[in-house]
Amino acid sequence: MNRVLELLGPSTGGIRRHVAALTSALVETGWQVETAGPAGVLDGLVHQDHVVPVPSGFAPLGLARAVVSARALMRSVPLVHAHGQKPGWLAAVARAGLSPRPRLVVTVHNLVLEDAAGRASRPLAWIERRLGRRADAIIATSPEVAGRMAATASLLSVVRPVGPPAVPRRSADEVRRRLGAGDRPLLVCVARLHPQKGLDVLVDAAARLAGRQPPPLVVIVGEGPLEGELRDQIAQLGLADVIRLTGPSEHAADELAAADVVVVPSRWESGPLVVAEALQLGRPVVATPVGFVGEVIADGRSGRIIPIGDPTALASTIADLLDDPARAAAMGAAGRRRAEEVLGPAHLVAGVVDVYRAVLGCG
């Protein structure tokens, strides 16, 4: 039976977009898909069928409520696909004792990194060490994730994450006016404000670019726990007129499409989907060699790759692109073609369906 429940936890970024893209692709290929997660988590992307209140933290009462809610849904489905360590563990606990017991596939989107996960690192690491044995199959979004899960997963596959096609809703001129860019070059970074994303490196690079005429406007789109530290860093460097923290965007494709250069300075990523979106929009991208970046960006041809944690290299690479708009545009066009080849939804749904059929005994 081609029926699956897609379960995710709180998400404001790539995981929710990935689940939306997967849901749409599965429906197009004949699967009956139900979606579940915290209220509103899929707003603006696809229809959400059920609310499962997966909490953002690890409060016992919140976790218990999520398990009860998930178990009620799982009684009537043959297959559950959970996205992330916490939803995967909740689904594993919820299906215990059910008869018949649904099969469980878990996509692990990110590794548990102590400096990235903060206080949640200990319980997430505990889950990560045990999740492979509790699920029927693990899907890793990168070889790095697969390497971490290989020791415990009975069935392990690597399927690259995909998001919905990036389509701007507003013109670049309108977005630039709203941001107050004027005739200044516009650099855009869309990211959770989190140490993992390397935003402090971008701020340091912006300080090195501030003397250009006209100085670029650096727009960081997103929210997260690092906001206070970033604002302090911006103030200490006197960059209030150079960098703007705009908060989250209702449709970040608008900001990406308006950018002269999209910057992704992450220290670690499984994706990152924002690179795929920027390339789909034909924008020149400067990124670190994280996740699938090396598969879609050939340095100097379809974008630029710079070392992790190097603000000098980041600043000089951005300056080179701003000084040669024709070359930057050619890179953007080449990046669009490459993203379509490597990260199309057909690759996503084929890999995931192979896993579904294997755990259901159809493959």
Side-chain angles (χ1 to χ4, degrees), residues 3-24 26-27 32-110 112 116-128 130-131 134-136 138-139 141 161 163-164 192-194 222-225 247-248 250 270 273:
R3 186 180 175 206
V4 60
L5 173 69
E6 302 288 338
L7 173 66
L8 72 162
S11 172
T12 59
I15 293 178
R16 68 188 290 269
R17 298 198 302 275
H18 172 84
V19 172
L22 175 60
T23 296
S24 298
L26 286 170
V27 169
Q32 181 181 341
V33 182
E34 298 177 40
T35 55
V41 69
L42 292 172
D43 280 0
L45 295 173
V46 294
H47 175 70
Q48 182 173 335
D49 298 289
H50 310 285
V51 172
V52 172
V54 180
S56 57
F58 285 88
L61 182 58
L63 295 173
R65 287 172 175 163
V67 167
V68 170
S69 180
R71 181 176 287 135
L73 297 177
M74 293 168 64
R75 294 181 186 279
S76 60
V77 295
L79 175 63
V80 177
H81 184 176
H83 296 265
Q85 285 94 333
K86 189 193 299 180
W89 186 257
L90 290 174
V93 173
R95 74 169 180 163
L98 290 180
S99 182
R101 190 175 76 160
R103 309 301 282 175
L104 175 61
V105 175
V106 179
T107 291
V108 178
H109 290 262
N110 289 290
V112 179
R119 289 182 298 176
S121 61
R122 183 171 295 180
L124 285 174
W126 186 89
I127 289 172
E128 188 180 80
R130 292 160 175 79
L131 190 56
R134 297 294 296 268
D136 298 299
I138 296 290
I139 296 176
T141 53
R192 185 168 180 247
L193 308 187
H194 195 283
E223 60 185 347
E250 291 184 0
S270 181
L273 286 179

| Leu73 vs Glu34 side-chain heavy atoms within contact, under 4.5 Å | no

| remark: Closest non-hydrogen atoms of Val46 and Ser24, given as atom of the first, atom of the second and distance, are CG1-OG, 3.6 Å

| query | What's the spacing between Thr107 OG1 and Leu7 CG if we round to 0.5 Å? | reply | 11.5 Å

| Are Val108 and Gln85 side-chain neighbours, meaning at least one heavy-atom pair lies under 4.5 Å? | yes

| Spatial distance of atom CD (Glu223) from atom CG (Leu193) [nearest 0.5 Å] | 7.5 Å

| So do Lys86 and Val54 actually touch side chain to side chain, heavy atoms under 4.5 Å? | yes

| message | Could you tell me if the side chain of His81 sits less than 4.5 Å from the side chain of Leu22, heavy atoms only? | response | yes

| query | What is the distance from atom CG of Asp49 to atom CD of Glu6, rounded to the nearest 0.5 Å? | reply | 10.5 Å

| note | Shortest non-hydrogen pair, Ala135 vs Val106, comes out as CB-CG2, 3.9 Å

| said: I'd like to check Pro55 versus Leu63 (side-chain heavy atoms, cut-off strictly below 4.5 Å). Are they in contact? | reply: yes

| query | Are Arg95 and Val80 close enough that some pair of their side-chain heavy atoms sits under 4.5 Å apart? | reply | no

| request: Classify the angle between the aromatic ring planes of His109 and His18 as parallel (below 30°), tilted (30 to 60°) or perpendicular (above 60°). | output: perpendicular

| note | Closest non-hydrogen contact found for Phe58 with Ile127 is CE2-CD1, 3.9 Å

| task | Could you grab the distance from atom CG of Leu42 to atom CZ of Arg17, nearest 0.5 Å is fine? | result | 12.0 Å

| field | Over all atoms of both residues, closest heavy-atom pair of Ala82 and Ala91 | value | CB-CB, 4.4 Å

| message | Can you confirm whether Arg3 sits close enough to Pro102 that some side-chain heavy atom of one is under 4.5 Å from a side-chain heavy atom of the other? | response | no

| said: I want to check something: taking the side chain as every heavy atom from C-beta on, are Pro225 and His194 in contact at a cut-off of under 4.5 Å? | reply: yes

| message | Show the nearest heavy-atom pair for residues Gln48 and Pro38, with the distance to one decimal. | response | NE2-O, 3.1 Å

| said: Could you walk me through whether Thr35 and His47 satisfy the side chain to side chain donor-acceptor pair (under 3.5 Å) test, starting with their C-alpha distance in whole Å, then the side-chain angles of each, then the deciding distance to 0.1 Å, before giving a yes or no? | reply: CA-CA 8 Å; Thr35 55; His47 175 70; over 6 Å; no

